[in-house]
There are 2 protein chains.
Amino acid sequence: MTREGGRAGGPAPRSVDVARLAGVSQKTVSRVLNGERYVSDEVRRRVLEAAGELGYRLNSAARALASGRTRSIGVVTLGTALYGPASLLIGVERAARDAGYALRVVNTLEGDPGGVVGAVESLLEQGVDGIVVSEPIDEGAVSLSVDVPVLVLGAPAAFGGTRTVATGVGAEPLARTATEHLLDLGHRTVHHVAGPERWFAARDRLEGWRSALTARGAEQPAVLVGDWSAASGHEAGRALAADGDVTAVFAANDDMAIGVIRALTEAGRRVPDDVSVVGFDDIPVAAYVTPPLTTVRQPFDAVAREGLRLLVRAIERPDADLPPVNDPPVELVVRASTAPPRLRAPSRLRAPSRG
Amino acid sequence: MTREGGRAGGPAPRSVDVARLAGVSQKTVSRVLNGERYVSDEVRRRVLEAAGELGYRLNSAARALASGRTRSIGVVTLGTALYGPASLLIGVERAARDAGYALRVVNTLEGDPGGVVGAVESLLEQGVDGIVVSEPIDEGAVSLSVDVPVLVLGAPAAFGGTRTVATGVGAEPLARTATEHLLDLGHRTVHHVAGPERWFAARDRLEGWRSALTARGAEQPAVLVGDWSAASGHEAGRALAADGDVTAVFAANDDMAIGVIRALTEAGRRVPDDVSVVGFDDIPVAAYVTPPLTTVRQPFDAVAREGLRLLVRAIERPDADLPPVNDPPVELVVRASTAPPRLRAPSRLRAPSRG
DNA sequence: TTGAAAGCGCTAACAA
DNA sequence: TTGTTAGCGCTTTCAA
């Protein structure tokens, strides 16, 4: 008898131990634990009781080896504490867990050798059943054929020749809406502080901004490029503040918008009286900075859940077609950082003043 | 011959396939892949070449089953996009990867049934070699004996009877420093907006605040409790703004500090002229809100790395003693949200004014 | 509805 | 320095 009281010390109990204690075969234990049919209630009860008594825990490595599936999903995400990627990760974890999958996470840092490809390789080696690539940056032609379904969040489908779902490319209409909001207020044009060029998310927003201006026949000012940080927004804001013609700014995320507002404030340009600013994301502090930030809300949680649902379906029904992803709803949150432009002022630079 | 060109279609190659192609035994392939000694350079080269040609990938489930180790670390973290937890996760991932470990992540949402215990159970089932519990909240007596080393970040050691390392409890001196900064400026006392009571992180900061006041013999005002969000800070700020005696506030994180400042601003109380506010964390936007926030910087990355180093050591040298963790350095970042109090004003409430 | 046998692809222990 | 032989603890046949 190898029965251990509780789970103190000794080797971990295996399913044979449970079987012996319950007086059934090892296969029957497996059936009970996997919720298979054709097990009498009586037997099921005995097995569960024995498992509880021994403190039995399934060995997922053995299961993975025998079944060829790990019931886990790998996530490639950026090693940043940015609100967007962090929120997506949370949504993905939650949805995966609800679907019965564990999560294995690999970060890629910008400039990492190997980048996304290396990260995916390492996940494949870990034997994941599916992969989520969250907000990747463009690393040029990626050739890597993967034999599990892949979900790409916030970028066009990559990884040629495989079952890939892409989603969250809906940022473009959101950016268009943000820009139109400023145009609708009466601004002649809108300046843009973009994210890093290699980010697809930055490109979508840039594209949305551009298309809104084009549709209205507005002039397209030169784009300032930041790195998502408030610091870079601040730098861009200094340049913007020096240009007396600027009356409206659309920043590609809220952090940069906050930096822009700070720079404008320091230069004596009031927001929104002199310059209107719109952000992107609706981070939790956006409503509480001064002035409260008009922004566009990204439904991170919905995007992550919807995407994961598709991924799980692709995993569990390998031959079914992958339905397209629904675009998330557009939600503009108007607060106090935007207003109509002041009456046409002389275009010469005014010194900072108290109005 | 089962040799597949490249890696298109067909079953994945196994180490025997590599062995056959390289003309060696399967065990030798295993040796090469594990970087063991006693392999001639010539053989090593041939094996590597064959592996590359076949597109061979190690099967980690098989390895885990045979070796009893997964080379992976499980992380239990909170399902929030809060800057602190997100930063810790990044640091942990990075350090784990550097040490050759993969990461398996389970989130617990506040109020989750099972909470940390359930999360740890699920990780144990996945077969991790070690566990990181990041910023747990107090769930009462936790009894769960775990047979792998555990690292607790930002809380006292839990999980009785096991090899546990705790770290990051150094928030208390940071909070004391923040409070002392305000006292040093000449404020008679400091009000505190705390985090949720069940968070150890909130308790540490509360304790630090309290001890600073006690040491100086300052009066201890009633504590306002928030939930880390700017919204809750805003609510607390409204109450604070209504009290004309308040001249200095220490908020337990930057988000709440921003909410407090917003409420004060709305009430016509100027920061820092009328009220000084200090935050905690130094989130990236802290330097760019208006006024730029005085705060205390948490070295998340250093804490995560140092902790993980200890955890890996505990995994790899089961009998060695666990050295204590070094407390992180205190770093106060003084910006523009703090100033000396105005000359002793009459203590009656003044209506909002422009000073 | 249950059980027996045969692997899954690797590492461990030992032998050569 | 290399190879042989047993498992690791499950799931998958297939048979009863």
Side-chain angles (χ1 to χ4, degrees), chain A residues 2 4 10-48 50-51 54-72 100 102 124-127 129 147, chain B residues 2 4 10-48 50-51 54-72 100 102 124-127 129 147:
Chain A
T2 325
E4 292 280 340
R14 297 152 304 156
S15 61
V16 270
D17 300 323
V18 176
R20 201 151 19 198
L21 183 57
V24 297
S25 78
Q26 186 265 344
K27 170 67 223 187
T28 296
V29 172
S30 170
R31 281 200 183 92
V32 171
L33 266 23
N34 287 297
E36 287 173 30
R37 285 177 316 174
Y38 306 128
V39 183
S40 71
D41 288 352
E42 162 61 8
V43 167
R44 184 181 305 276
R45 197 191 51 67
R46 266 177 20 225
V47 168
L48 258 18
L54 293 177
Y56 172 73
R57 242 175 337 235
L58 203 93
N59 178 322
S60 67
R63 165 189 278 197
L65 182 56
S67 69
R69 297 195 33 199
T70 55
R71 295 203 68 80
S72 74
L124 255 17
E125 192 160 288
Q126 290 180 56
D129 294 343
D147 48 358
Chain B
T2 323
E4 293 278 339
R14 297 152 305 159
S15 62
V16 267
D17 300 323
V18 175
R20 201 150 19 195
L21 182 57
V24 297
S25 79
Q26 186 266 346
K27 172 68 223 190
T28 297
V29 172
S30 170
R31 281 200 183 93
V32 171
L33 267 23
N34 286 298
E36 287 173 31
R37 287 177 314 176
Y38 306 129
V39 182
S40 71
D41 289 351
E42 161 61 8
V43 166
R44 184 180 305 276
R45 198 190 52 67
R46 261 171 32 219
V47 168
L48 258 18
L54 293 176
Y56 172 74
R57 240 174 339 236
L58 206 101
N59 179 324
S60 67
R63 164 190 277 193
L65 182 56
S67 68
R69 295 193 38 198
T70 56
R71 296 203 69 80
S72 74
L124 253 18
E125 192 161 287
Q126 290 180 55
D129 294 342
D147 47 359

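Bear in mind the structure is a predicted one, so any value in this text is a computation, not a measurement. Lettering follows sequence order; numbering is per chain, from 1.
- Listed by chain and number, the residues in a side chain to side chain donor-acceptor pair (under 3.5 Å) with B/Ser40 amount to none (sequence neighbours excluded).
- At the phosphate of C/dC8, neither OP1 nor OP2 sits under 4.0 Å from any side-chain N or O atom of B/Asn59.
- Under the side-chain contact (heavy atoms from CB on, under 4.5 Å) criterion, A/Ser72 pairs with A/Thr70, A/Ala102, A/Arg104, A/Val128, not counting sequence neighbours.
- In terms of heavy-atom proximity, B/Ser60 sits nearest to A/Gly127 at OG-N, 4.4 Å.
- Minimum heavy-atom separation, A/Arg14 to A/Tyr56: C-CE1, 3.5 Å.
- Note: CD (A/Glu125) to C1' (C/dG9) measures 13 Å, nearest angstrom.
- As judged by a 4.0 angstrom heavy-atom cut-off over every strand, A/Val43 is placed among residues touching the sugar-phosphate backbone only.
- Rounded to whole angstrom, the span from the CZ atom of B/Arg14 across to the P atom of C/dG9 amounts to 5 Å.
- With sequence neighbours excluded, no residue forms a side-chain contact (heavy atoms from CB on, under 4.5 Å) with B/Ala66.
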List every contact pair, protein side and nucleotides 12-16 of chain C side both N or O, where the distance is under 3.5 Å.
| residue | atom | partner | partner atom | Å |
| --- | --- | --- | --- | --- |
| C/dA12 | N7 | B/Lys27 | NZ | 3.4 |

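- Between the CG atom of B/Asp17 and the P atom of C/dC8 there is a distance of 11 Å, rounded to whole Å.
- Closest of all the heavy-atom pairs between B/Val47 and B/Val18 is O-CG1, 3.8 Å.
- Look at CZ on A/Arg63: it is 18 Å from P on C/dG9, rounded to the nearest Å.
- Between A/Leu65 atom CG and C/dT11 atom C1' the separation is 12 Å, expressed in whole Å.
- For the pair B/Leu21/B/Arg46, no side-chain contact is recorded, criterion being any heavy-atom separation below 4.5 Å from C-beta on.
- Applying the side-chain contact (heavy atoms from CB on, under 4.5 Å) rule to A/Leu48 yields the partners A/Val32, A/Leu33, A/Arg44; only residues at least two apart in sequence or on another chain are considered.
- Of all nucleotides in DNA chain D having an atom under 4.0 Å from a heavy atom of chain A, the first and last in 5' to 3' order are D/dG9 to D/dT12.
- Contact annotation: A/Ser40 does not reach the phosphate of C/dT1 (side-chain N/O to OP1 or OP2, under 4.0 Å).
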